[in-house]
Amino acid sequence: MVLTLVRLCAREVVSDHSSSPGWLRWVPSELFAPLLEAAFCSCRPLAVGELVQRWPERSLRVGGRRRPGQAGPNRLCIQALLLAVVRGLSDRRCAMQILDLCGLQGDEGGMGDPMGGWSLTVALCTMVVQARAGLRKQKRREGERERKRFSALERDEDIKRERGQYKKEQEPDGDDESSDTERMTLSGSAGDEEIKGVRRRMERDRQRDGPLAGLGDSRRENEEKELGSNVLVHVRADLFVNARSWERVRGALNSSGPLKLQCRYLRVEEITVSSIRTLLDLLPHQGLLGVDVRYSSLGVAGLAELLPLLSTFPALHSLRLHYCNLDFRRDHPGQDEALRDLSQGLAQLQELRRLSLTALRLPGQLRVLLSSLPQPLTILELPYLSLTPSDLAYLSCSHHAATLQQLDLSENRLDETTLPSIRRLLSQTSGSLQHLSLSGCGLTDGLLGLLLPSLGGCRVLKSLALALNPLSVSGLTDLVRMAVRMPSLRQLLYPNPLEDYQPGLPDLPSSAQLLDWPLDETTDISMTSSHLNRVVKDSGRTDLSLTCDLLNYDKDLVD
Ligand SMILES: *[C@@H]1O[C@H](CO)[C@@H](O)[C@H](O)[C@H]1NC(C)=O
């Protein structure tokens, strides 16, 4: 209630920018956060800039998890924020030492976002480089002034000496010079005052870093510390890097200035193994939680080359590879060695808990990939992997089976021969599995019927996705009758039943055919939906939602 009142007032206050010079300096620091939130919500870039430039707290966090349907912050507001961070470096009212922008671009790239991950990364890197250039300029100005001051002092001394007063004046206080500096800077222009602010904060930072100075023993740590001695603000963000932005990102990561970039999740697209290497070499090693590589032609050997590097990031818990040409070709020389290197490399990823492999063509090699991982995985995504019966048999007995919370096996064709493995896997993981996708797996009424008892045993399952499987209305009805008896289930994504398609669909349609084949416009599509929802209603469940909307389905909505 009180919070709401604060929010309402904050909106009102930031809505009139012309009045801000009047109130801004009287605002207590605990009101800056609600004011900034209001400025973002009502898209007031000027207010964002003024608040951020004099941010009174040690850390500022913008981003975080967005509520479903909530749009990301507006581009102008983000740009105002970044500019104000740079201005704040030389504003002594600004106490910011940590700027946390993690999650601002969303895990999935925030397509259609007002400021997507790619452009935000470029803007951030530009800010880092500019801040460094700005500091250099200031230092030059500072040096110039020092020189002038000394020559002025020398001139004074010459005059004093001439007058025979030199000795007498120097005796009372040796602190003359520093108080002189103080007076000069304080009585100077606004620019001088700003420099003073920077210097003070740099000194404070150095003191703060002091006690840790002896701890690092590796060369890299020392280097980082040395570079870090200028750092005023640590900027944490998720970085999205592609071929066009790579150069910019490299420059920003390699620059030692007042802003230091740290990466939480790194996503790279369409860049080479050596470029990825360079980035990983430059990234601060603490704090990187995940790496996501997409549409980059790594090959088995390329990935094997990157893994030792990845193992030097102690907090890395997520690795995602999406269309990385990891084709295993037995006829190519050296493939077996590369695969062995891969396995050994994966064994070094001590904290890995999430592995997503999309569209790698490594049939029959799942054991090689997963068996060497030191920790059991909690999230495993293997869509479009052409998993073989032996892959699934391995998975169902692997050390990951009992800990999985999320499992995505979509677009791997299941049949009678693989079903026993799937059932074993589901029974192994029944106490932990929360999200399961078996979309596009070729599940017919008969196959699904055999699977239903195992699915029903998943006690903590929250979401189940079964889109693009060739099921009939009767198969769907059985599915929903089972679903209403699963106490944790909140979301069920079901496929359009075969009856809803125009005639001519093959007997066992592929998921691509189910996706492309036109639905029959003469049948009422909402019939299926209302029929299934009646089953839910009759069961008395009100917390289970059904959908056949593949594009808008989001399992994370139930978390
Ligand atoms: C980083 O900067 C240093 C010095 O400015 C330069 O010698 C080095 O080549 C740069 N490294 C990368 C990877 O860009």
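In this text the structure is predicted, and so the values were computed from the model without any measurement. Both ligands and their constituent atoms are indexed starting at 1 by order of listing. Heads up: numbering here begins at 1 and tracks the sequence.
Residue D281 does not touch ligand 1, judged by heavy-atom distances below 4.0 Å.
Of the protein's non-hydrogen atoms, the one nearest atom 4 (C) of ligand 1 is N254 ND2, 4.7 Å.
Contact annotation for atom 11 (N) of ligand 1: protein present (non-hydrogen atoms, distance under 4.0 Å). Protein non-hydrogen atoms do reach within 4.0 Å of atom 14 (O) of ligand 1. Counting only heavy atoms, the protein gets under 4.0 Å from atom 2 (O) of ligand 1.
Close contacts between ligand 1 and R250 involve ligand atoms 14 (O) [criterion: under 4.0 Å to a heavy atom]. Taking every heavy atom of T278 and a limit of under 4.0 angstrom, the matching atoms of ligand 1 come to 13 (C).
Side-chain contact check for D281 and T278: no donor-acceptor pair (N or O, by modelled atom type) lies under 3.5 Å. Using modelled atom types and a 3.5 Å distance limit, the side chains of H234 and Q262 yield a donor-acceptor pair. For the residue pair S439/E411, the side-chain donor-acceptor check at 3.5 Å is not satisfied. A donor and an acceptor atom, one from each side chain of Q53 and D91, are located under 3.5 Å apart.
The aromatic rings of H322 and Y295 stand perpendicular to each other, their planes meeting at an angle above 60°, with 30° marking the opposite boundary.
With a 6.0 Å radius and a threshold of 12 heavy atoms from other residues, nucleotides or ligands, R236 has its CZ atom at or below the threshold.
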